[in-house]
Structure formats: C-alpha cells, structure tokens
Amino acid sequence: MDGEPHTDEAMHWALDLALGLGVALNLVHIRDPYLKQFSTEIYAQGREEYLEHVQRCLEEKAQMARASFESAVKECVEGRRDVKELDWKFDVLDGDPAEQLAALIKRGEYSMLVLGRRRRTRIAALKPRDVAEKLSSLRSSVPILVVPETARDETSTNG
Amino acid sequence: MTKLRSLVVPGWTKIIPGLVFCIVFAVIVMNIDHVLGKYHKADVASAAIPAIEERLVEATALGDVGSIDSAEKQLAKQQKALDNVDGTVGDAWPVATLLYQKFQFKYVAMLLVGGILIRNIFGLPEILKPGVAAARPLIKPGIIILGVHYVWSDVVRVGGTGMILAAVFIFGTAITVMWLSRKYGVSDGLGGIMGAGTGVCGVSAIIATAPVVGAKPRDMAYAIGTILLFGTAMLFIMPYLGQALGISEPQFGAWSALAILNTAQLIAAAEWYGEEARNTAVLINAARIMLIPLIVVFAVWFYGIKGEGKGIDFWATIRAKFPIFILGFFVLIILNSAGIAFLGGPKSAGTPFWAMDAVYKWFFAIGFAGIGLSISIEDMKKAGGTAFAIGSGAATAKMVIGLIVVLLLGTELLRVGGG
C-alpha cells in the first residue's frame, strides 16, 4: 500500500477479510528506488541533493502509509462489535514492488495476497504491465485478490 | 592516506563489468563503422574515377595546368579509397553506400539502435547496470576535448548567437510552461520540473530542480518518462527530417541544440548528422547548460520558495548547480585561440591537440553505448498524466519555432570555423 486510491481500497478489503475470518493481517509498503537511477544523468548537477530528496519522499510516503493504515485499523475495529482487536503488522521493504511481492509469495508465509489495481485508461495497452498483472502471471499456490480502483465505491453503492 | 582513499569512488568495482561491456560494444561498432565507411568511399571512388580520368585527358589536351593538378589530386584520393579495399574501377559496393549514406547508419546510430535493442529485447543483467550508467558521463571528457575545434571568434559569433537563442528558448519555454501550469492548477513541483526539463536540458534539469521545488516521486517519474520519450523520438526523427528538408549541418546543429529536450540525445543527433552539426551543437549546448543554475533560481523565485527558515541562498544555488566540467572546454578554446605552436591543432598530425582529437570519438562512442543501453522503453512508458501534455506541447513548439529560427539565421552565422 502507498496511499494511492487503489491501494487504499485493497487495504479496506484486506481489513474486512482479516476481521471477518479472524486472521492476522500483514500490510506491506514498498519503497521503490526507481527514481534514484536518474542521478547519473550526464549533466545532472546537485546529485546528492536529488538523492536525498527522493529518499526523503520515500520515507515520508512510508510514514503516511503507516499512519493511514493505523487509522483504518482503528476505525474498522471500533466499527465492529464482534471484534475487539486485530493482529496486524506493517512492513516496509525496499526494491521493485513486483519483485518484492513475488519474493514474499515464494516464501509461502501468507494464505492470501490482496492487491490494489489502478484504473486503466484506453491507452493502457501501451503502458507497462502493472504489479497485479505481473504477480498474476506467477506460478504460486497463494491466492491473489486483485481489487480494482472503483470496486469499493460500487460495492457501497450496490449496498 | 585518508585523502587518497577519499579519491576512490565507493563501490567502484561494481562499474567494471558494465563499463567493459560498453567498451567492447563501442570497439565492435567503431570497427563496423570503419569498414562500412571504407567500402562506401570505395563505391563512390569506383564510380567517380572514370569521370575524373576523362577530365584529366581533356585538361591535358588543353594544357590547363591548374585543372590537371586538381584532377590528379582527386584521382589519387579516389584511387587510394579504392586501393584500401583492394578494388578496381567497375567494382561496386551498393549496400555500403545504402547503409552509410542513404540510411546514415553510422557509429552513433549503430550504438544507439543496437543499445536500445539489446536493452529492450534481451534485457540488461543487473551486474552490467552500474557500469552502463557510469559510461554515459564519458561524453563529458569528449566534449571538453572538442574545445580544440574552436577559437574565440567562434565562441563570440556562434556561441554568442547560441547564448541569445538558448536564453530566449530556455526562459521562453520555462516561463510559458510554469505560467500555464500555474494557470491550469498543476502543482508547483510538477510545473517547476517540467518548466526546467523542457526548457534547459531534460532529465539533468529535472534532477537539479526537483529538490528545490519539492517535486513528488510520481510527478518526477511522469516528467522523466515524458522527457526521455520525446528526447528519444526527436533523436531519431530530426536527423532524417533535417536531411529531407535539406538543412545545412550548422543549421541542424543549432536546431538540435534548441529543440531536443535531453542533452545526451541532442549531442548524439548532431554527431550523427555530421561534424559541422556537432561543432555548432556542442558550442550552443555549452551556452545552454551554463543556464541550468539560472533556471533553478528562476523556479525558486517564480514559486516563491523559501528555504528552511533562512531563505534560498542565490550564490550557493548558482555554485551548486553550475556544470563545472564545461570550464575545461573553455580552457581548451583559450589555449587553441592563443596559437601556441607546441600544442598544434586537430589537423596537425603528431601534435598534442591532434592526439586529443583522435580520442574524443572513443569517449563519445563509449558514452553513446551507455546511452543506447540505458534507453528503456519501460521508462518511457511511464510518461503520462499532465507531464505528457506539457512535454508534447513544449517539444512540438520548440521543434517548429527552432526550425524557423535556424532557417532565418542561415548557415554562415552558425558555422564553426575553428580558426
């Protein structure tokens, strides 16, 4: 999860599932260092400052993700009479999101993976495969629940 | 000892495999380029020799000493080109001419296209990535060495014209992009990096500006993807467009320096187009990159950015963002202009400047290998959102206006004489 609407929706689905089934929930935020590679651009000036800025942004986003998750857990637990608490964990990993999640799946420590998926426009075919697509193509015994960006709104509208 | 240790880049061993790969790739391509060029020259010579011989016979009959001398020199040159491939008059190598002249398949194109194909079809192993990234800045020493091609009159005429054009284009683009971004509610971070990126020198300007304007990671990814997409597209479109429009080499050099969004791509496009194009582009680009610190300061002023309690230090920002390596380029121009006999010149065989000129192409070749191998279609696919709209508008406008301007200026004002 990274504070984007689609990952927020996935987080709420994961919370509902974990509370409903009474299982532990592990939230993962991945700090993608993708932007750091551009510091080697040939005429780049202030490389250190740029790298520090990117790192600061990644750390802030991780903190925001954690705060958002804690508040969602509190809200969900308080909103349900049948549950008093939730066994949860928040992990921050570094690396390519698809690779990191694939490694988690391979370890086989989880009974299910819940992922958000950003709404795709018509030119989506030109875009790279997203994390959900990449992980869906993996051979794995862990079921993957992909939550589309609008799912939560539609669910609430449909009652 | 500690001082010595501080000179060693941490993790330098990681760059060795990728750097060696780039060097090997460059050596292979430079040899293919050499062989292709040799057969192309022989093909041209094989067709030209009968006509020169006819002229020689006519000049001998007329007793025109000047024409005889000129024809003999031409004949000797063409015969040498033919001898280089052990050919005789009547032999033909049309494929070499087709590739080398018609398709302009020279070392720049081979390294860039080859690099892009290797990176995007076979992928680049992780072990090679640090070295490939380290190979790209090797263009810098190549640019410094190119200083031996210029004298101060070039700097004043072409560089002066280029500085005015660059300043107008850079600030024109940056002001327009930042103003429109603010008007249409684009965040300061994205407006700032797109203004600098489309105005000055693409990703390098984004790197310099992003921390100052506080750009968000997602905006940076969109902006970098957009700049790389348009820079790469223009790199491959503009040389062919220039040829189709019959633009002279100095005009093309100026056009690429004004219009191509990313610096690496503009040097590559100009080098690809020809020596005169490269000379003009490098000089105007030198003027352009010196404006990076000013554009950062402009962004700070435009968005009213304040530092943490103490304000932004104008001179500290200028110092931090100034591309110091470009001073080396100007030092060589000064030395070349001074006419020191010992140093010679790029065309005086056996002199220090001749030796330096002989190696610049190798720095460029290794740098271009790194650039080609770094062009990832996946990175360009990240282009999107508002950044894409801004980038496409700025790229098109700069290309069209830049073309009109260089056509109006003509060739001579933009030609580097080199003394």
Side-chain angles (χ1 to χ4, degrees), chain A residues 1-8 29-65 94-100 103 116 118-131 133-134, chain B residues 129-130 132-140 143 189 200-218 220-221 224 227-228 262-264 267 285 288-289 292-293 296 317 319-326 367 370-371 374 376-384 388:
Chain A
M1 63 167 293
D2 57 9
E4 298 285 336
H6 61 292
T7 56
D8 268 355
H29 173 84
I30 299 165
R31 294 189 294 208
D32 186 355
Y34 167 77
L35 285 168
K36 289 184 179 177
Q37 64 178 304
F38 297 103
S39 69
T40 59
E41 191 63 20
I42 57 172
Y43 293 130
Q45 298 300 317
R47 290 189 166 96
E48 286 304 315
E49 200 185 343
Y50 169 77
L51 289 172
E52 281 167 16
H53 171 69
V54 172
Q55 186 59 32
R56 202 166 43 244
C57 287
L58 293 177
E59 279 165 15
E60 278 170 11
K61 209 165 182 188
Q63 281 169 9
M64 278 168 63
D94 290 289
D96 175 71
E99 283 174 16
Q100 291 297 320
R118 188 174 281 131
R119 195 185 306 176
R120 308 274 275 180
T121 58
R122 281 181 191 172
I123 56 160
L126 298 169
K127 293 270 181 186
R129 291 196 305 161
D130 61 19
V131 176
E133 267 181 88
K134 284 177 187 169
Chain B
K129 284 184 179 170
V132 166
R136 294 187 308 163
L138 286 177
I139 285 180
K140 281 183 185 177
I143 287 174
V200 201
C201 48
V203 180
S204 300
I206 291 176
I207 304 300
T209 319
V212 179
V213 295
K216 288 180 186 159
R218 196 171 167 189
M220 281 191 269
I224 289 171
I227 296 286
L228 290 176
N262 209 28
T263 310
I267 301 284
N285 185 51
R288 175 170 116 152
I289 59 173
I292 293 178
V296 176
T317 307
R319 272 201 304 276
K321 309 291 180 184
F322 187 81
I324 293 169
F325 85 95
I326 209 69
I371 290 170
S374 304
S376 153
I377 292 171
E378 290 285 300
D379 288 344
M380 287 189 269
K381 282 182 177 175
K382 285 196 164 59
F388 185 80

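Below, chains carry the letters A, B, ... as their sequence lines are ordered, and counting in each starts from 1.
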Residue among [options] with most heavy-atom pairs under 4.5 Å to chain A:
options                                : answer
B:Ala208, B:Ala210, B:Pro293, B:Ser374 : B:Ala210
B:Ile206, B:Ile324, B:Ile224, B:Ile139 : B:Ile224
B:Pro217, B:Gly370, B:Gly367           : B:Pro217
B:Pro130, B:Ala205, B:Pro137           : B:Pro137

Can you confirm whether more than 12 heavy atoms, excluding those of B:Lys216, are under 6.0 Å from its NZ atom? no

Report, by ascending residue number, the residues of residues 52-62 of chain A in heavy-atom contact with chain B at a distance under 4.5 Å; give 'none' if the set is empty. A:His53, A:Val54, A:Cys57

Passes side-chain contact (heavy atoms from CB on, under 4.5 Å), A:Phe38 versus B:Asp379? Steps please. CA-CA 11 Å; A:Phe38 297 103; B:Asp379 288 344; 4.0 Å; yes

Residues in salt bridge (charged side-chain N to carboxylate O under 4.0 Å, His left out) with B:Lys129, at least two apart? B:Glu126

Heavy-atom distance under 4.5 Å to chain A: side chain of B:Phe325, backbone, both or neither? side chain

